[in-house]
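Take a look at the structure set out below.
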Amino acid sequence: QVQLVESGGGLVQAGGSLRLSCAASGRTLSTYAMGWFRQAPGKEREFVAAISRTGGTTRHADSVKGRFTISRDNAKKLVYLQMSSLKPEDTAVYYCAANAASIFWVGTSAHEYEYWGQGTQVTVSS
């Protein structure tokens, strides 16, 4: 099993930047493909970005492509989401997720992930 804890959320003005971190404990992080999802009030949880076990493959939602970047440091057991050019519509609770998968796998659906963090709030003011 793996335990996930997100951090780095907060209040930022539109156009600003934040870097979210996801700290993993338990099993070796390189065992897991990782993803970031978000959920705004009254909306379903949506895919943001995903990264394969070694970091060689990434996927980003069209809504964040060119603005957000997912990365990972397996030695430090950390996964990051660098967010820039933030918009008010990026406001949501952001969740980190993990799935024990084959080495090249990346998943874009929430139901494909087995482990979840508690989330961190990101609020972007206009």
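Quick note: residue numbers are just sequence positions, from 1.
- Heavy atoms only, all atoms of each residue included: Tyr113 and Ala50 are closest at OH-CB, 3.5 Å.
- For the side chain to side chain donor-acceptor pair (under 3.5 Å) test, no residue two or more places apart in sequence or in another chain qualifies with Asn99.
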Hey, mind stepping through Trp36 and Val79 against side chain to side chain contact (heavy atoms under 4.5 Å, CB included) and telling me if it holds? CA-CA 9 Å; Trp36 284 99; Val79 180; 3.7 Å; yes
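- Under a cut-off of 6.0 angstrom, the local environment of CD in Gln13 is sparse, with at most 12 non-hydrogen atoms contributed by other residues, nucleotides or ligands.
- Note: the hydrophobic cluster containing Val106 does not contain Val48 (ILVMFWY, side chain heavy atoms under 4.5 Å, direct or indirect links).
- Relative to the ring axis of Tyr80, Arg72 does not place its NZ or CZ within 45° and under 6.0 Å from the centre.
- Taken together through direct or relayed side-chain contacts under 4.5 Å among Ile, Leu, Val, Met, Phe, Trp and Tyr, Phe68 and Val124 form part of one hydrophobic cluster.
- Atom CD of Gln121 and atom OG1 of Thr91 lie 7.0 Å apart (nearest 0.5 Å).
- Residues Arg59 and Ile51 are not in side-chain contact: their nearest non-hydrogen atoms beyond the backbone lie 4.5 Å or more apart.
- Residue pairs that meet the disulfide bond (SG atoms under 2.5 Å apart) test with at least one member in residues 6-57, sequence neighbours left out, are Cys22-Cys96.
- Between the side chain of Lys77 and the main chain of Gly26, a donor-acceptor pair closer than 3.5 Å is present.
- Between Phe37 and Trp116, the distance from one ring center to the other falls under 6.0 angstrom.
- With a 4.5 Å cut-off on side-chain heavy atoms, Thr123 and Val12 do not count as touching.
- Partners of Ser85 under the side-chain contact (heavy atoms from CB on, under 4.5 Å) rule, at least two apart in sequence or in another chain, are Arg67.
- Side-chain contact between Val122 and Asp90 is absent, with no heavy atoms from C-beta onward closer than 4.5 Å.
- In summary, Lys65 and Asp62 engage in a salt bridge, as defined by a charged side-chain N under 4.0 Å from a carboxylate O.
- With hydrogens and angles ignored, the 3.5 Å screen pairs a side-chain donor or acceptor of Arg53 with a backbone N or O of Ala101.
- Taking CD from Gln82 and OG1 from Thr69, the interatomic distance works out to 7.0 Å, rounded to the nearest 0.5 Å.
- Counting all heavy atoms, side chain and backbone alike, Met34 lies closest to Ala98 at SD-CB, 3.5 Å.
- Under the 4.5 Å side-chain heavy-atom criterion for Ile, Leu, Val, Met, Phe, Trp and Tyr, Leu20 and Leu4 are members of the same hydrophobic cluster.
- Looking at every heavy atom in both residues, Pro88 comes nearest to Ala14 through CD-CB, 4.1 Å.
- Closest approach of Ser52 to Gly56, counting heavy atoms only: OG-N, 3.3 Å.
- For the pair Gly119 and Val93, the tightest heavy-atom approach, listed with the atom from each and the gap, is CA-CG1, 3.8 Å.
- By the side chain to side chain donor-acceptor pair (under 3.5 Å) test, Tyr94 is found to be paired with Arg38, residues two or more places apart in sequence or in another chain being considered.
- When side chains are defined from C-beta on, Leu18 counts as touching Leu86, because their heavy atoms get closer than 4.5 Å.
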Set out, in order, the CA-CA distance, both residues' side-chain angles and the distance that settles side chain to side chain contact (heavy atoms under 4.5 Å, CB included) for Glu6 and Gln118, then state yes or no. CA-CA 7 Å; Glu6 302 94 335; Gln118 83 291 346; 3.0 Å; yes
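- With sequence neighbours excluded, the residues that form a side-chain contact (heavy atoms from CB on, under 4.5 Å) with Glu112 are Trp105, Ser109.
- Panel note: side chain His60, backbone Gly66; no donor-acceptor pair is recorded below 3.5 Å.
- Sorted by first and then second residue, the pairs that involve residues 16-33 and meet side chain to side chain donor-acceptor pair (under 3.5 Å), not counting sequence neighbours, are Gln3-Ser25.
- Side-chain heavy atoms closer than 4.5 Å link hydrophobic residues (I, L, V, M, F, W, Y) into clusters, and following such links, even through other members, never connects Tyr95 to Leu78.
- Minimum interatomic distance between Ala24 and Val2 (heavy atoms only, all atoms of both residues): CB-CG2, 3.8 Å.
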